[in-house]
Amino acid sequence: MPHELPEGSVRVISGRRTRREFLLSASATVTGTVAGPRLFAGMRITDPSSASSVSAQLPELFSQSASPSATKGQQKVVARPTLRGLMVDAARLPESLEYYRRVIEFCEDWGLNAIHFRLADDQGSVLRFTSVPGLLTHKNAFTPDQLKSLAEYAHRHGVDLIPELESFGHTGYITRTTAYAHLEDRQEDGVARFATGVIPVSPETLPLFERLYREVTAIFPSIYLHGGCDEVNWGGSTLSRNALKSKSRAQIWAEYLNSLNKISQSLGKQFIVWGDFVLHTEPEILGQLDKSIVIMDWNYSESNASKLHETFLKVQANGSRAIGAPALIHYRWGARAGEKQLQNIDAYTDAYLEIGGANSLGIILTNWAPSRYIQNSIWDGFAYAAVAFNEGTTAAKASAFRRFVEKHYRASWNETWSDVFKTIYDAAPRFGENPASSWTGLRLSVPWGNDDELVSLLKNGRPQSNPFPRLQSLLVQLEPAVMKNLSDFRAFELCVEYLEKMFWREEIVIGHVADNPLRRETTDLLIRGIAERDQALAEALTRDWDHGRFPDSPAKREAIFDLLPKDQLLFRWQLAADYSSYLADHPDRFYRLMGAASAVPNPD
């Protein structure tokens, strides 16, 4: 999974108001601005929801690259790059086919024409391969026929389902098995910077991927095949060390990617790779790559369109093509992404679509690790990206959330809705030591679920502001006006309830310790109240999960390989609920833990 690159850039696009200014302005909250007729993959469409009108032209649409500007009389018509889409991280957490069909329908409704569908990662494969036995496969993986049917469903709705099969790093679905553990590589210095990597120079590696690619391409009719190739540990195995005696890392990288590309080409596909190593970590690779390889550029912390466009121009100068890849939820976020990710979407839109260039194939919004968030609570972020990709960032900042409310919820936009979206993006808690990316500066933490976590919070924690009770009250006011997709609105409400409870349970125990001396009766009442609230929310989160995800999913009940605790929202909350329930049944233990953190000895 691509991670965030170093931060520090400041987005500056002159002459444009910020989204915050738009949301606070009366004109934006009442009317908004809608751009004129847009160009969808070189075809003029006047209604953002009419992408289905081009469904019959799908093969031609997906075989285009960016076309040059054409002059028609006195009117200059600029053909848009082909791809505008979303990414589905099925490799980390398989979700129901019904949900994937909903994502396809959403893309059609909002003028998006592609879904980047991740098939495998360190956690396992979501496809039950028949050509290669012994791979690590998800419990709820799909058969080839099921995914072929899904790709055909997407095609009928004007959406290209682009498969990604990790082929260098993130290959634990191969190397974490008994049959293929011998193909695992490691870093030259022995330090594992990422989770996994496959030996690129092993005589077994390319034949293995040829079989896998052949099966994948038989399922997905897209002209593209994404091979991953980001975040890889390699160079430390005996085979790799021997190869490095006569060749540089960049040479081996390029030769391996070029070999994968030849396999892809032999199967009639255009090969895509992630751009972190080939553009940033080891840029010497780029010049040695076959020019037909498409580079997917990701940098989730960047909000400066000029810097992103400089990266694109590097790709174009090399004679290669590129796809821009901003993110909604990535490793810095939990249940919700913050304002910074809307800026990231804006910057990529400006760099790859508005400024663009002949070698820009378009833009795909990535969205990582579904276990981080409540399934149907983030449609508004997808809608924002769709408006930005199709009509530009000015239109998105002015009207994307209004149009989402009016179209998805079929509700009337007003100041309260404006307040909700401003608050949720401003207040989204962020993972890391410096959560300054949100207006509120909230830190994303994991709900305390054992003695060590509780003691650490009591000794080192500081109360954080909790803007979510007010947000909850706003949503209560708005719910009667929701005429469509009420279950999605309630998923959004559940997300806000989760955030409110997470901050409340931290604040309440820190505040209780500060009230010296501790009283046994109030301490007992406190833990019973926490346990009741925790259990009620755990039950609500479980019901939501079971509605749209597999009820027997391992991610629901156990820690998943290479995911951090904050990456498993339901699992970690259930652990917290179980722990507070235990403490409620053993109030002496809770009282002792609280007393140990108190500055004044317990009077008892």
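Numbers here are sequence positions counted from 1.
Nearest heavy-atom pair across Pro467 and Ala427 is CG-CB, 3.5 Å. Nearest heavy-atom pair, Leu93 versus Ser371, reported as atom, atom and distance to 0.1 Å: CD2-N, 3.8 Å. The minimum heavy-atom distance linking Trp253 with Cys229 is given by the pair CH2-O, 3.5 Å. Summarising the geometry of Leu499 relative to Pro429, their closest heavy-atom pair is CD2-CG, 3.9 Å, with the distance given to 0.1 Å. Annotation for Asn344 and Asn299: closest pair ND2-O, 3.0 Å, computed over non-hydrogen atoms. Pro463 approaches Ile510 most closely through the heavy-atom pair CG-CG2, 3.8 Å.
Glu98 and Arg549 are not joined by a salt bridge, as no carboxylate oxygen comes within less than 4.0 angstrom of a charged side-chain nitrogen. Ion pairing of Asp426 with Lys340 is absent here, as no side-chain N (NZ or NE/NH1/NH2) approaches a carboxylate O to less than 4.0 Å. Using a cutoff of 4.0 Å between basic side-chain nitrogens and carboxylate oxygens, Arg520 and Asp524 are scored as salt-bridged. Under the 4.0 Å criterion applied to side-chain N and carboxylate O atoms, Lys139 and Asp552 are assigned as salt-bridge partners. Salt bridge absent: Lys422 and Glu339 never bring a charged side-chain N and a carboxylate O closer than 4.0 Å. A salt bridge links Asp451 with Arg589: at least one charged nitrogen is closer than 4.0 Å to a carboxylate oxygen.
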Next item on the list: Any chance you could lay out the side chain to side chain donor-acceptor pair (under 3.5 Å) test for Glu184 and Thr196, step after step, and finish with the verdict?
Entry: CA-CA 7 Å; Glu184 183 172 12; Thr196 59; over 6 Å; no

Note to self: Let's go through Gln375 and Glu95 carefully: what are the C-alpha distance in whole Å and the side-chain angles of both, what is the deciding distance for side chain to side chain donor-acceptor pair (under 3.5 Å) to 0.1 Å, and is it a yes or a no?
What the structure shows: CA-CA 9 Å; Gln375 186 182 71; Glu95 299 177 270; 2.8 Å; yes

Note to self: For a side chain to side chain donor-acceptor pair (under 3.5 Å) check, start with the C-alpha distance between Tyr373 and Asp567, then their side-chain angles and the critical distance, and finish with the verdict.
What the structure shows: CA-CA 8 Å; Tyr373 56 88; Asp567 295 329; over 6 Å; no

Note to self: Evaluate His138 against Gln123 for side chain to side chain donor-acceptor pair (under 3.5 Å), listing each step before the verdict.
What the structure shows: CA-CA 8 Å; His138 280 290; Gln123 295 75 25; 5.8 Å; no

Checklist line | Asp230/Met296 under side chain to side chain contact (heavy atoms under 4.5 Å, CB included): CA gap, chis, key distance, verdict | finding: CA-CA 10 Å; Asp230 68 311; Met296 195 162 180; over 6 Å; no

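Judged purely by atom type and a 3.5 angstrom limit, Gln535 has no side-chain atom pairing as donor or acceptor with the backbone of Ala531. Side-chain N or O atoms of Arg430 include none that pairs as donor or acceptor with a backbone N or O of Leu442 at under 3.5 Å. A distance-only check finds no donor-acceptor pair linking the side chain of Glu231 to the backbone of Gly169 [under 3.5 Å]. Here the side chain of Ser96 pairs a donor or acceptor atom with the backbone of Tyr99 at under 3.5 angstrom. Without hydrogens or angle criteria, Lys459 side chain to Ala596 main chain gives no donor-acceptor distance under 3.5 Å. Listed for the Tyr348 side chain is a donor-acceptor partner under 3.5 Å among the backbone atoms of Asp297. With hydrogens and angles disregarded, no donor-acceptor distance shorter than 3.5 Å links the side chain of Asp350 to the backbone of Ala305. Between the Asp122 side chain and the Thr171 main chain, a donor and an acceptor come within less than 3.5 Å of each other. At distances below 3.5 Å, not a single donor-acceptor pair connects side-chain atoms of Glu302 with backbone N or O atoms of Ala347. Listed for the Ser167 side chain is a donor-acceptor partner under 3.5 Å among the backbone atoms of Gly227.
Taking the salt bridge (charged side-chain N to carboxylate O under 4.0 Å, His left out) definition, one finds that Arg470 meets it with Asp419, sequence neighbours left out. The ring pair (Phe, Tyr, Trp, His ring centres under 6.0 Å) search around Phe142 returns none, not counting sequence neighbours. Applying the side chain to side chain donor-acceptor pair (under 3.5 Å) criterion to Arg528, with sequence neighbours excluded, gives no partner residue. Scored by the ring pair (Phe, Tyr, Trp, His ring centres under 6.0 Å) test, Trp573 finds Tyr498 as partners (sequence neighbours excluded). Taking the side chain to side chain donor-acceptor pair (under 3.5 Å) definition, one finds that Lys501 meets it with nothing, sequence neighbours left out. When the side chain to side chain donor-acceptor pair (under 3.5 Å) test is applied to Ser240, the partners found at least two apart in sequence or on another chain are Asp185, Ser237. Partners of Thr137 by side chain to side chain donor-acceptor pair (under 3.5 Å), not counting sequence neighbours: none found. By the salt bridge (charged side-chain N to carboxylate O under 4.0 Å, His left out) test, Glu493 is found to be paired with no residue, residues two or more places apart in sequence or in another chain being considered.
The aromatic ring centres of Tyr582 and His586 sit less than 6.0 Å apart. For Tyr409 and Phe404, the ring centers are positioned less than 6.0 Å apart.
Aromatic ring orientation, Trp379 versus His408: tilted (interplanar angle from 30° to 60°). Note on ring orientation: taking the six-membered ring where Trp is involved, the planes of Trp368 and Tyr300 are tilted (angle from 30° to 60°). Between His330 and Trp333, the ring planes are perpendicular. Angles over 60° get that label, and only those under 30° would be called parallel. By the 30° and 60° cut-offs, the orientation of the rings of His226 relative to Trp274 is tilted.
Within the structure, ring pair (Phe, Tyr, Trp, His ring centres under 6.0 Å) pairs that include any residue of residues 533-572 do not occur (at least two apart or interchain). Each salt bridge (Lys or Arg N to Asp or Glu O under 4.0 Å) pair with one or both residues in residues 531-544, not counting sequence neighbours, appears once here: Arg505-Asp534. Sorted by first and then second residue, the ring pair (Phe, Tyr, Trp, His ring centres under 6.0 Å) pairs with a member in residues 457-482 read Phe468-Phe503; sequence neighbours excluded. Each salt bridge (Lys or Arg N to Asp or Glu O under 4.0 Å) pair with one or both residues in residues 554-563, not counting sequence neighbours, appears once here: Asp546-Lys556.
Interatomic distance, CG of Leu494 versus CG of Leu537, reported as 6.0 Å (0.5 Å rounding). Atom CZ of Arg443 sits about 10.0 Å away from atom CZ of Arg462, to the nearest 0.5 Å. For the atom pair CG (Leu135) and CZ (Arg128), the distance works out to 12.0 Å, reported to the nearest 0.5 Å. Residue Thr366 holds its OG1 atom at 9.0 Å from CD1 of Ile345, rounded to the nearest 0.5 Å. We find the CZ-CG distance between Phe401 and Asp380 to be 5.5 Å, quoted to the nearest 0.5 Å. Going from atom CD1 of Ile374 over to atom CG of Asp488 covers 12.0 Å, rounded to the nearest 0.5 Å.
For the pair Arg336 and Tyr425, the cation-pi test (distance below 6.0 Å, angle within 45°) is passed. Both cation-pi conditions hold for Arg249 and Trp234: the charged atom is under 6.0 angstrom from the six-membered ring centre and inside a 45 degree cone around its axis.
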